[in-house]
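One structure is given here, and the rest of the page talks about it.
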Amino acid sequence: MWERTLQDLIRGLRANKKDEAKFISKAVDEIRNEIKSDDMELKAGAVLKLTYLDMLGYDMGWASFHVVEVMSAPRVHLKSVGYLAAAQSFDQETDVLMLTTNLLKKDLGSTPADVAVTLNGLAHFVTPDLARDLSPELIAMLNHSRPNIRKRAILALYKVLMKYPETAVHARTRLEERLEDPDPSVVAATVNVLCELARNSPRDYLSLAPQFFHLLTTSSNNWMLIKIIKLFGALSPYEPRLVKKLQPPITELISNSQAISLLYECVHTCIIGGMLQGPNGDSLAQLCASKLAAFIQDTDQNLKYIALLAMTKIAPSHPHLVAEYQDTILASVNDQDISIRMRALDLVSAMADRDNLQSIIQQLLSHLVPENSSSILPSAAQSLVQHTGNIPRPLLSPIQSPAYRLVLCQRILAMGAQSTYENVTNFEWYISVLVDLAHVANVNVGAEIRDQLVDVVGRVKAVRRYAVKLMYQLISDNTMLRNAHEEGTCSEVLWAAAWVCGEYCDELTEPQKLLPYLLQPEISSLAPEIITVYIQAATKVFGSWAASVAHRWEEEDVTEVKSVVEHLTNRFNELVRSPYIDVQERAANSNQLFRLIQADLDAHRPKSSTLFSPDSSGTYNPEPRFPKSLYLVEPLSATYELNPVATNAQVSVPIPEGLNLDAWIIPPPHEVVDQPTDRKKKGRKGKEKDAKESKTKASKKKAGVECQDVLAPVEETPEEVAERARRKAERLAQLRDDPYYIGIDTPKTVEEDVDSIPIVRLEDMPSLAGPSISSLPMFKATPQTFSTTSFVIDRDGEMPEGAIDYKPVLVPMSLQQTPTPGENVAHVPTQQTLTADENVASISTQSSPLPSYGVPGEDVRTSTPEPIKVTRSKKKGTGKKKRTPLAAGAGI
């Protein structure tokens with residue numbers, strides 16, 4: 001009978017690709033017959049073919065017992081087939097493994113060839129039970145006379161230790177002895193096993209440091225040196241003395257070794273092991289940085305990636321060394337590999353400081369600028385040829401990836417805002433960078449740019465004039481307004497532009513020219529939150545301009561003011577019909593305000609040129625010669641200056657004396673439970689029983705025993721009835737004017753009381769002299785270069801008057817409990833709040849190369865009102881018990 005060999009099976013598979021399943025099914029049937037044969041050669045051939053089919057994905061679990069039979073073959077070439085099949089198909093759930101314990105023990109005591117085959121197979125399918133039973137044989141085999149057996153026994157012992165860790169107590173001593181084995185391969189295998197074991201618990205292997213150090217200084221095996229260096233990197237955090245001991249040999253390896261893998265592991269170990277600190281750390285760090293810079297310039301992408309990753313870890317402790325290779329690192333930002341670009345961005349962000357921030361951001365901004373249109377958009381003929389498939393499409397530039405552009409923009413913003421703009425030396429330049437970034441980003445970072453614009457202008461007073469000028473240009477340029485509906489246009493920057501121009505409108509020379517841009521019809525394409533800020537900014541700008549016009553009033557100005565007010569009123573009337581409720585509300589409020597101003601302008605009549613001129617009776621006329629409504633808007637927004645608030649301002653507000661935040665404002669009422677009454681008909685016996693119970697209750701009451709409260713009608717005095725009626729009338733009067741309340745019946749005929757109509761009085765106006773002309777600065781001609789004045793930034797923020805010194809106390813999480821209504825928990829901060837405050841405190845106390853940021857001669861705000869003392873007054877009772885509501889209320 002002729003049987004197929006493994007070579008015949010492979011040839012048949014290649015010849016029957018169209019009907020492979022049918023061929024394999026026929027071959028498996030043949031294998032089933034062959035594997036049952038008593039001929040061990042034939043059985044081993046069938047197992048070998050099954051092993052090959054198992055590699056292709058066909059299950060051979062049904063032949064596990066036959067595999068064990070081949071494993072027990074006396075000949076080594078057949079035994080190797082059985083162990084190969086077991087290593088390929090057996091797993092932890094294979095039931096026949098329990099039958100192999102004695103077989104394995106027998107083979108481990110056989111010839112060296114059988115031992116080698118057995119150790120190779122055992123390492124693949126060892127189970128916890130086999131590890132427990134075979135560990136004595138494996139430990140004894142570490143002293144075998146043949147080096148190849150000792151090496152295989154060490155590697156198999158590692159798998160046994162993973163399955164049965166209790167063996168480590170007995171195997172540790174034998175493994176340590178193998179570190180001094182005369183054969184280098186045995187020593188390398190031992191080092192490999194010990195490094196893997198030390199990964200879980202490095203502290204347990206500190207005692208082996210002298211032996212490993214000896215191998216580090218004497219061995220020439222690069223792969224073993226890599227393992228030893230990795231092990232020392234894990235041990236050095238637990239033994240600081242190792243750092244000083246390891247610096248000389250590792251420095252020598254970095255200087256002399258030509259193996260790139262060994263060189264990188266030495267540099268990485270120096271970084272994670274803390275060897276770059278101390279007196280000799282600077283020279284070692286400089287050596288590591290130079291080696292990593294050479295890796296970055298290498299053509300191997302993998303080497304470039306790990307070099308950027310390692311240099312990112314050097315940057316926090318030695319940023320000046322990394323900054324020396326700034327151009328080399330920035331060249332990697334435009335690499336085709338996205339992973340390398342991301343690691344380069346991480347490194348650029350880590351090495352930014354006051355000296356190189358401007359150059360770094362300028363180079364990153366240049367990457368965002370689109371290339372020439374001819375290189376990005378092909379011509380019609382080129383597109384046609386590309387779609388026909390004659391030539392391949394060109395690769396897209398890395399910078400065209402929206403995800404990468406988003407990350408790049410976020411890194412630029414993060415570098416500028418780091419530690420409250422600590423590295424920014426010229427804020428006019430940074431404001432320009434934010435505006436340029438909004439134009440070239442082409443991704444959704446408008447909200448982040450908006451927040452930083454508002455924050456910088458609020459904190460740095462010296463940059464406000466330049467910022468207002470730049471925001472004026474941004475609002476007057478309709479490019480961003482026209483493209484506001486497109487993705488990635490950063491139209492949120494217009495929110496910041498309108499807010500800055502409205503809040504600091506005194507920096508404008510001709511504010512009235514900005515009003516048409518703020519209320520042009522094209523703003524309807526913007527988001528509703530931007531439109532509301534536009535309306536508010538227009539109101540503020542008009543208030544500032546109107547006050548300045550009133551200060552230098554000439555009768556010829558009334559025409560211009562009327563024209564501006566009429567234009568604003570018309571635009572507000574259109575915005576009132578906006579589909580957005582926020583825009584409607586803001587426009588309606590401004591519309592009513594400007595209608596009042598318009599009425600006052602219409603009623604204005606020219607007066608004498610003297611501000612206080614005597615009349616015929618010789619007395620002075622206090623009426624001003626300008627419309628008083630021109631000063632109506634400015635005090636609404638310019639009374640107080642808007643300053644940044646300190647991080648811990650809220651927690652530092654003192655609690656007024658006599659105010660208990662934990663006490664009930666309204667005590668909860670007592671609950672009264674109604675006794676259910678039985679309305680069923682009662683018989684004669686039931687009536688007698690009720691009569692007895694009533695007599696018993698009456699006797700208890702006479703004896704002085706308290707009974708339950710009984711709800712009874714309350715008798716009110718005439719004063720209380722009148723007071724209740726007065727309160728009800730007041731409440732109805734308030735609800736009658738509420739447009740959202742429809743539950744009040746209007747009276748049939750109500751005679752109007754003309755005297756009760758409120759009259760708008762304009763006597764409480766600012767000084768008639770108006771603001772000083774010097775307070776309205778003019779724009780200066782801005783040169784191409786930014787000003788060199790020193791900028792003062794308010795990093796601390798404003799604190800409330802009488803702020804307390806907040807010193808948080810750590811409370812363990814185990815002691816923190818949910819407070820009850822009677823507990824005093826006002827001064828116990830949570831752990832999360834404490835961490836944030838500690839971070840703020842640490843930032844403020846760190847020494848900084850910047851000058852102090854105090855503003856000499858700055859007025860201290862005194863607008864915080866005095867603390868209000870809350871006292872509870874008890875209402876005089878009538879001496880009678882009042883009805884208590886059934887529902888229990890809680891304190892507000």
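Along the sequence shown, residues carry numbers from 1. As the structure is a computational prediction, the values presented were derived from the model and not from experiment.
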- Please report the closest heavy-atom contact between Glu422 and Arg795, naming both atoms and the distance. CA-NH2, 3.1 Å

- d(His439 NE2, Leu434 CG) to nearest 0.5 Å is 12.5 Å

- Would one find more than 12 heavy atoms of other residues, nucleotides or ligands at under 6.0 Å from atom CD of Gln650? no

- SB check Asp181 Arg150 (cutoff 4.0 Å): yes

- Could you pull out the closest heavy-atom pair between Leu175 and Thr190, with the gap in Å? O-CG2, 3.2 Å

- Item | Short side-chain donor-acceptor distance under 3.5 Å, Ser207 and Glu176 | no

- Message: Nearest 0.5 angstrom please: Ile250 CD1 to Leu284 CG, how far?
- Response: 8.0 Å

- Note on the structure: Minimal heavy-atom distance between Asn222 and Ala259, with the atoms involved, is ND2-CB, 3.7 Å

- Message: Whether Arg459 engages the ring of Phe791 as a cation-pi pair (distance to the six-membered ring centre under 6.0 angstrom, angle to the ring normal within 45°) should be assessed.
- Response: no

- How about Gln410 and Leu406: do any of their side-chain heavy atoms sit closer than 4.5 Å? yes

- Message: Under a 3.5 Å distance rule, please check whether His214 uses its side chain to pair with a backbone N or O of Pro210 as donor and acceptor.
- Response: no

- Task: Go through the steps for Ile412 and Val445 under the test side chain to side chain contact (heavy atoms under 4.5 Å, CB included), then give the verdict.
- Result: CA-CA 11 Å; Ile412 293 176; Val445 290; over 6 Å; no

- Compare all side-chain heavy atoms of Val500 with those of Leu453 and state whether any distance is below 4.5 angstrom. no

- Task: Indicate the atoms forming the closest heavy-atom contact of Asn143 with Glu177, along with that distance.
- Result: OD1-OE1, 4.4 Å

- Note on the structure: Rounding to 0.5 Å, atoms CG (Asn192) and CD1 (Ile228) come to a distance of 11.0 Å

- Task: State whether the side chain of Asn256 and the backbone N or O of Glu252 hold a donor-acceptor pair below 3.5 Å, judged by distance alone.
- Result: yes

- What distance do Leu122 atom CG and Lys159 atom NZ have between them, rounded to the nearest 0.5 Å? 9.5 Å

- Going by atom types only, do Ser219 and Asn221 share a side-chain donor-acceptor pair under 3.5 Å? no

- Note: Leu368 and Cys409 closest approach over all heavy atoms is CD1-SG, 3.8 Å

- Query: Considering all heavy atoms of both residues, which atom of Gly446 and which atom of Glu492 are nearest to each other, and what is their separation?
  - Reply: CA-OE1, 3.4 Å

- Query: Asp298 versus Lys304: any side-chain heavy-atom pair under 4.5 Å?
  - Reply: no

- Task: Apply side-chain hydrogen bond (donor to acceptor under 3.5 Å, both in side chains) to the pair Gln452 and Tyr430, showing each step before the final yes or no.
- Result: CA-CA 10 Å; Gln452 287 202 18; Tyr430 190 63; 2.4 Å; yes

- Judged by atom type as modelled, is there a donor-acceptor pair below 3.5 Å linking the side chain of Asp353 to the main-chain atoms of Asn356? yes

- Message: I'd like to check Arg199 versus Lys230 (side-chain heavy atoms, cut-off strictly below 4.5 Å). Are they in contact?
- Response: no

- Begin from the C-alpha positions of Thr328 and Ser332 and carry the test side chain to side chain contact (heavy atoms under 4.5 Å, CB included) through to its verdict. CA-CA 7 Å; Thr328 303; Ser332 302; 5.7 Å; no

- Item | Approximate separation, where rounding is to 0.5 Å, of Gln362 CD and Leu330 CG | 12.0 Å

- For the pair Gln358 and Thr425, evaluate side chain to side chain contact (heavy atoms under 4.5 Å, CB included) and give the outcome as yes or no after the intermediate values. CA-CA 9 Å; Gln358 292 192 13; Thr425 57; 3.5 Å; yes

- Task: Tell me, with the steps shown, if Leu119 and Leu138 meet side chain to side chain contact (heavy atoms under 4.5 Å, CB included).
- Result: CA-CA 9 Å; Leu119 290 174; Leu138 287 177; 3.4 Å; yes

- Item | Pairwise side-chain contact, Phe213 with Leu246, heavy-atom cut-off 4.5 Å (strictly under) | yes

- Message: What I'd like to find out is whether the side chain of Tyr421 reaches to under 4.5 Å of the side chain of Val460, using heavy atoms alone.
- Response: no

- Would you sort out whether Asp337 and Tyr305 count as a side-chain hydrogen bond (donor to acceptor under 3.5 Å, both in side chains), showing the intermediate values? CA-CA 9 Å; Asp337 192 344; Tyr305 177 86; over 6 Å; no

- Message: Is any side-chain heavy atom of Phe295 closer than 4.5 Å to one of Ile260?
- Response: yes

- Message: When you measure from the side chain of Arg464 to the backbone of Gly458, do you find a donor-acceptor pair of N or O atoms at a distance under 3.5 Å?
- Response: yes

- Backbone N or O of Ile314 within a donor-acceptor pair of the Ser317 side chain at under 3.5 Å? yes

- Can you tell me how far the CE atom of Met311 sits from the CG atom of Leu321, to the nearest 0.5 Å? 9.0 Å

- Query: Side chains of Leu235 and Glu239: does their closest heavy-atom pair fall under 4.5 Å?
  - Reply: no

